[in-house]
A.B. asks: 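The structure follows.
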Amino acid sequence: MKNIKGLCVGLLALVLALGSGFCGAKEVFGEAEGVPDYRLAISPSREDLGIIKPGEQYTGEFKVLNKGKFSFEYEVSFAPYAVTNEFYDPSFTQETVYTEIKNWIVVDKENGTLEPGEEDTISYVVSVPDGEHGGAQVAAIIITMKNNIESNGGIEAVRQLGYIVYGNVDGQVTKTGRVLENKVPGFLFNPPIVASSLVENTGNVYTRATYKLQVFPLFSDEEVYTNEEQPENNIVFPETKRYNEIKWESAPQLGIFKVRSTVKIFDEESVTEKIVFLCPIWFLFVVLLLIFCIIFWIASRAMRRKKEA
Amino acid sequence: MSNMTKMIAVLGVVAGLGVAALPLSSYAADVTVDDPEKIEHTDGTDAEQAVGINLTIEKLLSIDADADNVNLNSGNSYTGKALKVNVITNNSKGYKLNIAGTATTNKTDLTGDDSNTTLIPTFEKTIKDGLAELALNSGEGVSKSVWGYTAAGDDVVDAFAGGLYAGVTEDGETIATADEPTADTGAETSVTFKAIVDNAQPAGTYKGQVTFTASDNN
């Protein structure tokens with residue numbers, strides 16, 4: 001009797017809990033879940049102009065979108081774009097001979113107001129000056145969302161997006177680069193298999209470095225993984241170094257493989273081939289302990305025989 | 001059977017079971033696309049109809065934050081509520097999130113409302129040179145008070161590990177980065193601003209400005 005009572009109470013509690021869960025989930029009409037009050041978006045987010053000639057003009061466009069709940073004002077400005085380290089962290093203040101393009105760009109609209117869901121198309125023209133020196137040029141068109149409330153103290157947080165524009169000015173150009181590092185680790189405790197590299201662009205035009213990874217079983221030439229048909233590539237601006245990692249994410253937990261990493265920048269190519277042991281640390285520990293025990297067992301047997309003799 | 005032999009047998013079984021349990025065969029299967037099947041008419045002639053399908057996915061980059069302003073008050077030990085900055089991108093190489101000091105007069109300082117000479121300077125530590133716990137300035141002739149920020153999130157740079165603080169710089173520094181597209185809902189970076197105020201700091205309202213810039217990881 002007690003058991004049946006307890007079961008009934010339990011079932012009732014379950015029904016009440018489920019019921020309140022359903023009743024509590026009230027949907028507010030018109031309020032999209034997860035949409036913030038203010039969200040600034042651009043599409044696309046960069047443009048590769050390719051080869052651009054002195055004295056010529058090049059056009060492009062992008063959209064500024066309001067993906068939030070409330071309207072906002074925005075404004076457009078121009079900034080240099082440079083990289084500060086081998087991980088390609090950007091700087092929007094550092095000016096070099098490669099950032100002059102920021103002065104060549106004009107847009108058809110320098111500010112605007114967007115209601116939720118609205119978008120503006122911004123058209124821009126890049127006018128390359130006559131007699132401009134050859135080499136890469138890169139800049140950012142900055143789209144800043146203006147805050148509605150004036151700050152009365154504390155720290156105001158401004159949000160903006162950078163639309164990156166770059167091209168190679170035709171003229172006296174040098175296309176040289178070096179592969180400074182191309183490494184494959186010999187031992188890994190867990191996947192993925194990672195090959196790392198560092199390239200340097202010693203020329204004055206930007207290029208794309210390519211990265212190929214091929215993985216073979218130890219005693220076979222049949223690839224178990226390759227990105228040969230679609231090698232990874234990274235843009236490398238002049239007078240910069242760029243670090244990269246290329247991975248085989250689906251590598252198994254245990255195995256011995258031949259790994260070949262091929263890195264190329266301009267005409268410089270580096271190939272590294274290595275045998276890679278993939279072994280979880282606990283398994284390695286078990287194997288080492290097993291070997292130790294076998295050695296100890298052999299040694300103790302030998303000593304016992306010696307004693308008996 | 002001696003104890004040693006038993007131990008060796010056990011370890012051997014464990015090793016063997018371990019190998020058996022590991023997912024050794026995880027190679028991706030080749031994917032092949034067969035030629036479209038031809039449709040045969042009853043009179044024996046072949047017929048096929050190719051249908052093109054176009055799908056355009058636009059590149060998109062967005063940024064949002066859950067507040068326009070962060071207040072630092074004595075009531076909260078001059079530690080602001082964490083500001084959540086969210087970036088969404090479908091760029092295959094991911095994004096970079098940069099923070100810079102952009103106040104109108106003194107770019108990286110908090111400036112008092114009485115004059116431009118009352119300042120709370122930015123923390124001297126930067127991501128490039130190495131971060132530290134936020135601490136009063138020890139230099140002569142400068143305000144001992146200091147302000148800075150720390151960041152947290154899946155994409156935040158390793159320098160902030162352990163809740164260390166940085167000072168904003170005029171040139172800006174990258175505080176978060178990813179090398180692949182974000183989730184549909186974005187990648188969130190939580191930024192906490194804090195000040196340490198010396199007793200000799202003049203009373204008043206201090207203001208500063210930071211700018212978050214998101215861009216493609218090229």
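Proteins come first, then strands; the chains are lettered A, B, ... in the order of their sequence lines, and each starts at number 1.
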A.B. asks: Taking side chain as everything from C-beta outward and backbone as N, CA, C, O, which of these in A:Y81 sits under 4.5 Å from a heavy atom of chain B? Side chain, backbone, both or neither.
C.D. replies: side chain

A.B. asks: Are B:K96 and B:D216 close enough for a salt bridge, meaning some N to O gap below 4.0 Å?
C.D. replies: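 Result for this pair is no, no salt bridge flagged.
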
A.B. asks: With chain A, which of B:T174, B:N91, B:T185 has the greatest number of heavy-atom pairs at distances under 4.5 Å?
C.D. replies: B:T174

A.B. asks: With a 4.5 angstrom heavy-atom cut-off, is it the side chain or the backbone of A:I164 that approaches chain B, or both, or neither?
C.D. replies: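 It is the side chain, since no backbone atom gets that close.
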
A.B. asks: Less than 4.0 Å between a side-chain N and a carboxylate O, is that true for B:K144 and B:D198?
C.D. replies: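 Salt bridge absent between B:D198 and B:K144.
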
A.B. asks: Of all residues at least two apart in sequence or in a different chain, which pass the side chain to side chain contact (heavy atoms under 4.5 Å, CB included) check with B:T169?
C.D. replies: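 With neighbours one apart ignored, the set is B:T126, B:E173.
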
A.B. asks: In terms of heavy-atom proximity below 4.5 Å to chain B, should A:F292 be classed as side chain, backbone, both, or neither?
C.D. replies: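 For A:F292, neither part sits under 4.5 Å from chain B.
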
A.B. asks: So which bits of residues 82-95 of chain A come within less than 4.5 Å of chain B, counting non-hydrogen atoms only?
C.D. replies: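 Residues in range: A:F87, A:Y88, A:D89, A:P90, A:S91, A:F92, A:T93.
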
A.B. asks: Does any backbone or side-chain atom of B:D68 lie under 4.5 Å from a heavy atom of chain A? Answer side chain, backbone, both or neither.
C.D. replies: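 Both parts, backbone and side chain.
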
A.B. asks: Can you say whether A:I143 sits under 4.5 Å from chain B via the side chain, the backbone, both, or neither, judging by heavy atoms?
C.D. replies: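 Neither the backbone nor the side chain of A:I143 comes within 4.5 Å of chain B.
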
A.B. asks: In terms of heavy-atom pairs under 4.5 Å, which option from B:N217, B:L72, B:N98 contacts chain A the most?
C.D. replies: B:N98

A.B. asks: With a 4.5 angstrom heavy-atom cut-off, is it the side chain or the backbone of A:E245 that approaches chain B, or both, or neither?
C.D. replies: neither

A.B. asks: Sort B:I63 into side chain, backbone, both or neither according to what part of it lies under 4.5 angstrom from a heavy atom of chain A.
C.D. replies: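 For B:I63, heavy atoms of backbone and side chain both lie under 4.5 Å from chain A.
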
A.B. asks: Report the relative orientation of the aromatic rings in B:Y149 and B:F160; use parallel for angles under 30°, tilted for 30 to 60°, perpendicular for over 60°.
C.D. replies: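 Rings of B:Y149 and B:F160: tilted, as their planes differ by 30° to 60°.
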
A.B. asks: For the residue pair A:Y163 and A:F62, is the inter-centroid distance of their aromatic rings smaller than 6.0 Å?
C.D. replies: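 For A:Y163 and A:F62, the ring centres are under 6.0 Å apart.
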
